[in-house]
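In the text below, chain A, chain B and the rest are named by the order of the sequence lines, each starting its count at 1. Here the structure is a predicted model, which means the values were calculated and not measured.
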2 protein chains.
Amino acid sequence: MEKQTATQIFESLSSGIRLDIYRFLVKRGLEGMVAGEIAAALELPPNNVSFHLKGMTHAGLVSVEQEGRFQRYRANLPLMLDLISYLTEECCAGQPEQCTDLKLASCCPEALLPPMNTPQK
Amino acid sequence: MEKQTATQIFESLSSGIRLDIYRFLVKRGLEGMVAGEIAAALELPPNNVSFHLKGMTHAGLVSVEQEGRFQRYRANLPLMLDLISYLTEECCAGQPEQCTDLKLASCCPEALLPPMNTPQK
DNA sequence: AATTTATTTCAATTACTCTTGTATAGTTGT
DNA sequence: ACAACTATACAAGAGTAATTGAAATAAATT
C-alpha cells in the first residue's frame, strides 16, 4: 500500500461524520445502504452526507453502485485489512515475543481463524 | 472506545509525517526511539517532529518516557487493536459468512493465533 | 558557573477543511 | 413530456491545521 492511500483513509475516518458512516456500512455488510438512508439515520443534510461519501469513495473506503435513482454504498473491508498490514509491517523488529498483545480479532468472533503462518506481504 | 478517541487517532495518522513516525515506532517495538533519532531518520526539523509527537501522544498513539535529557517514544499497539475492534463492531449484521475476507493478520506471522471464540467487547 | 545538547514552546504565515445554501443532473411514474 | 424525487456539484464563509523560525526550558558536560 502506498503512503498516500493510507493517509487518505485516515483522513477520511478522522471526521466524526465519516466515521459514523463507515461503521454504519460495516454493520450493514454486503447489504450496504442507500445515500438517503444514511443521511436520515445520522440526521444530517443529504448534501453534507453526499459530500463526505464522495471523499470516502475517492479514498476507496466505500464503493458505490447505482440502483435506479438510488446510490448504494458499501464498506470496503479488504482495504482496511491492507491498511492494518501496512501499519504493522516489520513490526517489533521481527521479534515476535514483543508482539503478544497484537492478536487481532476478526470482526465476527463466530468465524474461527485458521492458524496464521503465512507472512503478510 | 469513544468516538472522539477514534477520530483523534485517525486524525493523527492522516498526516504523512505522523504516519511515518508511527510506522517507525511500530518497527522498533519496545525499544522505541528518542525524538532526535526520529527527526534525523525522517530528515525533518526537530521542532516539527516534536510538534507532531505531541499530538500523537495526546491521542494516545505513542507513549513517552524520559531518559535523562532524551525523550523516548514508543508506539501504543494495544490502542490500535482497540481501534480495529471499534471499527468492526457488529460487523456484517452478525452474519459471519459475509466476513470471510476479514481475517486479520498479526504483525508477527511467527506468533500463531489461538482460535478466536471470545466475542470482543 | 558556563556551555553544549536535546527537546519543546510560541508566534505568524499559509493553506486547507467543514458546513450551509442554492443550483444542477439523472431517474421514475403518470 | 411533465412532475416528483434522489443525489450530486458548486460557491462562500468560518473555522482549523501545517510549517517555519526564533526563543525558552532542562539536563549533561566542561
Could you tell me whether [X] contacts a base, only the sugar-phosphate backbone, or nothing, with contacts defined as non-hydrogen atoms closer than 4.0 Å?
{"X": "Val49(B)", "value": "nothing"}
{"X": "Arg72(A)", "value": "nothing"}
{"X": "Leu53(B)", "value": "nothing"}
{"X": "Glu37(A)", "value": "nothing"}

Rounding to a whole Å, what distance do you find between [X]:[atom1] and [N]:[atom2]?
{"X": "Gln8(B)", "N": "dT16(D)", "atom1": "CD", "atom2": "C1'", "answer": "14 Å"}
{"X": "Met56(B)", "N": "dA17(D)", "atom1": "CE", "atom2": "C1'", "answer": "16 Å"}
{"X": "His58(B)", "N": "dT9(C)", "atom1": "NE2", "atom2": "P", "answer": "12 Å"}
{"X": "Lys54(B)", "N": "dT19(D)", "atom1": "NZ", "atom2": "C1'", "answer": "16 Å"}
{"X": "Met33(A)", "N": "dT6(D)", "atom1": "CE", "atom2": "P", "answer": "15 Å"}
{"X": "Phe51(A)", "N": "dG21(C)", "atom1": "CZ", "atom2": "C1'", "answer": "14 Å"}
{"X": "Ile21(A)", "N": "dC18(C)", "atom1": "CD1", "atom2": "P", "answer": "12 Å"}
{"X": "Phe70(A)", "N": "dT6(D)", "atom1": "CZ", "atom2": "C1'", "answer": "7 Å"}

Hey, does the side chain of Tyr73(A) come within less than 4.0 Å of dT8(D)'s phosphate (OP1/OP2), counting only N and O?
->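 Answer is yes, contact under 4.0 Å.
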Side chain of [X]: nearest nucleotide among [options]?
{"X": "His52(A)", "options": "dA7(D), dT19(C), dT8(C)", "result": "dT19(C)"}
{"X": "Asn48(B)", "options": "dT20(D), dT6(D), dC18(C)", "result": "dT20(D)"}
{"X": "Arg18(A)", "options": "dT7(C), dC18(C), dT20(C)", "result": "dC18(C)"}
{"X": "Ile17(B)", "options": "dT19(D), dT7(C), dT19(C)", "result": "dT19(D)"}

By nearest nucleotide on DNA chain C, pick out whichever of Pro46(B) and Ser14(A) is the more 5' one.
->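 This one resolves to Pro46(B).
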Within the side chain of [X], is there an N or O that forms a donor-acceptor pair under 3.5 Å with the backbone of [Y]?
{"X": "Arg18(A)", "Y": "Ser12(A)", "answer": "yes"}
{"X": "Arg28(A)", "Y": "Ala75(A)", "answer": "no"}
{"X": "Ser50(A)", "Y": "Pro46(A)", "answer": "no"}
{"X": "Arg74(B)", "Y": "Leu30(B)", "answer": "yes"}

Strictly under 3.5 Å: I want the nitrogen or oxygen pairs between protein and nucleotides 23-29 of chain D, one per line.
none

Please report the shortest heavy-atom distance between Leu53(B) and Tyr73(B), naming the atom on each side.
->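 Scanning both residues, the minimum pair turns out to be CD1-CE1, 3.5 Å.
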Leu13(B) and Met80(B): which non-hydrogen atoms are nearest, and at how many Å?
->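 For Leu13(B) and Met80(B), the tightest heavy-atom pair comes out as CD1-CE, 3.9 Å.
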What about Phe24(A) and Phe70(A), same hydrophobic cluster or not, with Ile/Leu/Val/Met/Phe/Trp/Tyr joined at side-chain heavy-atom distances under 4.5 Å?
->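 Per the 4.5 Å side-chain linkage, Phe24(A) and Phe70(A) are not co-clustered.
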Going by distance alone, is a donor N or O of one side chain under 3.5 Å from an acceptor N or O of the other, for Gln71(B) and Glu65(B)?
->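 No, because no side-chain N or O of Gln71(B) sits under 3.5 Å from a partner of the opposite role on Glu65(B).
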